[in-house]
Number of protein chains: 2
Amino acid sequence: MNTLAYGLLSLLSHSHLSGYDLMLKLQPFWPAKHSQIYPLLSNLEKEEQVTFELVAQTDKPDKKVYTITEKGIDSLREWLSVPASDPVLRDELMIKAYCLSFVDPAISRKLFVSRLEYYHIKLQRYEEKITHILKKSGVNEGEIPSYQSPYLGAYILLNKALMSCKTNIEWCTWVLKVIPADNE
Amino acid sequence: MNTLAYGLLSLLSHSHLSGYDLMLKLQPFWPAKHSQIYPLLSNLEKEEQVTFELVAQTDKPDKKVYTITEKGIDSLREWLSVPASDPVLRDELMIKAYCLSFVDPAISRKLFVSRLEYYHIKLQRYEEKITHILKKSGVNEGEIPSYQSPYLGAYILLNKALMSCKTNIEWCTWVLKVIPADNE
DNA sequence: CGCTCCATGTAACTGGTTACATGATTCC
DNA sequence: GGAATCATGTAACCAGTTACATGGAGCG
């Protein structure tokens with residue numbers, strides 16, 4: 001049982017999903033390709049942490065829709081009780097930022113301008129998602145889903161994504177102010 | 001040539017370091033173990049991107065101090081010209097946050113309290129480092145190292161680390177407000 | 001006609017971690 | 001006496017990516 005396996009279980013603890021759905025939903029929080037997910041799911045099935053049902057579709061390929069078992073929920077609970085290991089961030093831009101001065105400012109600027117675009121797209125998506133789940137959870141304006149609500153987890157995560165995104169935009173914008181413009 | 005190799009080159013572009021030093025310095029920005037770094041360094045040496053000098057020490061083991069070559073600087077420059085790939089963050093706490101409601105609030109709180117401690121320690125370290133490099137760079141108060149300054153890269157990175165750290169502290173603190181206290 | 005989306009799977013490879021191995025010094 | 005730091009290296013393993021494989025539906 002690795003972290004990815006628990007990631008799959010935690011998504012399945014909220015809804016029934018296919019391997020393909022799991023891959024898409026997990027992307028923002030624990031990136032993984034389908035080639036890693038499918039074998040893991042069949043392991044989880046062997047261990048009786050999940051079950052699946054073959055769902056035939058007409059205009060799309062058939063799919064396996066997975067459901068978490070009581071045993072699966074139990075191992076999630078156990079996993080939640082041990083402290084989370086340290087977060088790991090790997091960002092090429094940070095290494096590139098360290099040796100900016102080896103190339104001319106125009107090239108440096110490009111790096112940060114395109115990263116800014118990346119974050120702006122993310123920001124928009126996160127904002128859409130957060131209003132969407134707040135609507136679904138049915139809370140009043142300014143309120144937060146309760147501890148028992150199945151939407152609390154998603155709301156907490158999206159809030160983190162939003163906050164980090166904004167901070168990164170701030171950082172990139174600041175860096176662009178520090179890099180001299182081309183016409184200077 | 002993978003990202004880690006460029007990470008080593010970028011550190012060596014600023015100073016002469018041993019494999020051990022490189023490992024320690026790289027940790028905050030691209031975590032890697034010595035077992036990954038030593039073989040990479042000997043590859044870089046074969047490709048003539050770096051050279052090394054055996055330095056004998058009396059009270060510590062001897063070491064290999066590496067120096068970047070012109071060829072190494074050139075490949076760094078080339079690498080800087082291609083856009084940085086997307087950043088990857090993997091954080092178990094995010095997955096755990098998603099299924100908080102399966103355990104009782106006391107257990108949830110523990111997760112975020114210990115993560116807060118983690119970030120507070122990081123914050124302190126980053127603050128020390130940033131004042132240290134600003135002092136070394138010799139800029140006046142409120143000023144920023146120039147584009148040509150060898151300290152600009154480190155300053156930009158530390159600023160990002162600081163900003164992210166503060167945002168994460170803010171997030172954890174907010175989450176702890178959302179999780180009901182034990183005596184409620 | 002090629003591209004993307006949906007959907008599943010395996011094989012080969014690269015990246016990263018853990019463990020094995022050695023050995024002196026310093027600190028508790 | 002045991003642990004931590006410095007310093008280098010290899011071997012075995014696990015995690016993650018890329019590529020191979022198949023195939024229908026819908027879009028431009």
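To find a chain, count down the sequence lines: A is the first, B the second, and so on, and within it residues start at 1.
- Listed in residue order, the members of residues 33-58 of chain A having a heavy atom less than 4.0 Å from DNA chain C are A:H34, A:S35, A:Y38, A:Q57.
- Identified under the ring-ring contact (aromatic ring centres under 6.0 Å, His included) test for residues 7-26 of chain B, with sequence neighbours left out: A:Y98-B:H14.
- The hydrophobic cluster analysis finds B:V88 isolated: no Ile, Leu, Val, Met, Phe, Trp or Tyr side chain comes under 4.5 Å of it, directly or through other members.
- The side chain of B:K64 lies closest to D:dT8 when the candidates are D:dT8, C:dC6, C:dG9.
- Taken to the nearest 0.5 Å, the OH atom of A:Y118 stands 10.0 Å off from the OG atom of B:S85.
- Across the protein-nucleic acid pair, A:L22 atom CG and C:dG9 atom C1' stand 15 Å apart, rounded to whole Å.
- Residues passing the side chain to side chain contact (heavy atoms under 4.5 Å, CB included) test with A:Q148, sequence neighbours excluded: A:S146.
- The side chain of A:P61 lies closest to C:dC6, out of C:dC6, D:dA7, C:dG16.
- For B:S10, there are no side-chain hydrogen bond (donor to acceptor under 3.5 Å, both in side chains) partners two or more places apart in sequence or in a different chain.
- Rounded to whole angstrom, the span from the CG atom of A:L4 across to the P atom of D:dG16 amounts to 6 Å.
- Look at CG on B:D62: it is 12 Å from P on C:dT25, rounded to the nearest Å.
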Can you give me every donor-acceptor pair (side chain of residues 24-43 of chain A, partner residue at least two apart or in another chain, under 3.5 Å) with its distance?
unit_1: A:Q27; atom_1: NE2; unit_2: A:M23; atom_2: O; d: 3.0
unit_1: A:Q27; atom_1: NE2; unit_2: A:A32; atom_2: O; d: 2.6
unit_1: A:S42; atom_1: OG; unit_2: A:P39; atom_2: O; d: 2.9

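- The terminal axes of the helix from C:dC1-D:dG28 to C:dC28-D:dG1, fitted over 5 pairs per end, subtend an angle of 40° to the nearest 10°.
- B:L24 has its CG atom 9 Å from the P atom of D:dA7, to the nearest Å.
- Put simply, NZ on A:K63 is 13 Å from C1' on C:dC5, counting in whole angstrom units.
- Among residues at least two apart or in separate chains, there is no salt bridge (charged side-chain N to carboxylate O under 4.0 Å, His left out) pair with a member in residues 53-67 of chain A.
- A straight line from NZ of A:K25 to P of C:dC6 spans 14 Å, rounded to a whole angstrom.
- Nucleotide D:dG9 holds its P atom 13 Å from the CE atom of B:M23, rounded to whole Å.
- B:D74 pairs by the salt bridge (Lys or Arg N to Asp or Glu O under 4.0 Å) definition with B:R77, not counting sequence neighbours.
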Result block: side-chain N/O donor-acceptor pairs under 3.5 angstrom for residues 125-133 of chain A, not counting sequence neighbours:
unit_1: A:T131; atom_1: OG1; unit_2: A:E127; atom_2: O; d: 3.3
unit_1: A:T131; atom_1: OG1; unit_2: A:E128; atom_2: O; d: 2.8

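- If you take CG of A:N2 and C1' of C:dT18, they are 15 Å apart, rounded to a whole angstrom.
- Checked for salt-bridge contact, A:R115 and A:D91 meet the test: a charged N lies under 4.0 Å from a carboxylate O.
- Residues from residues 85-95 of chain A placing a heavy atom under 4.0 Å of any atom in DNA chain C, listed by number, are A:R90.
- Annotation: salt bridge (charged side-chain N to carboxylate O under 4.0 Å, His left out) contacts involving residues 37-51 of chain B, sequence neighbours excluded, are absent.
- The nucleotide whose nearest atom lies closest to any side-chain atom of A:D59 is, among D:dA7, D:dA25, C:dT8, D:dA25.
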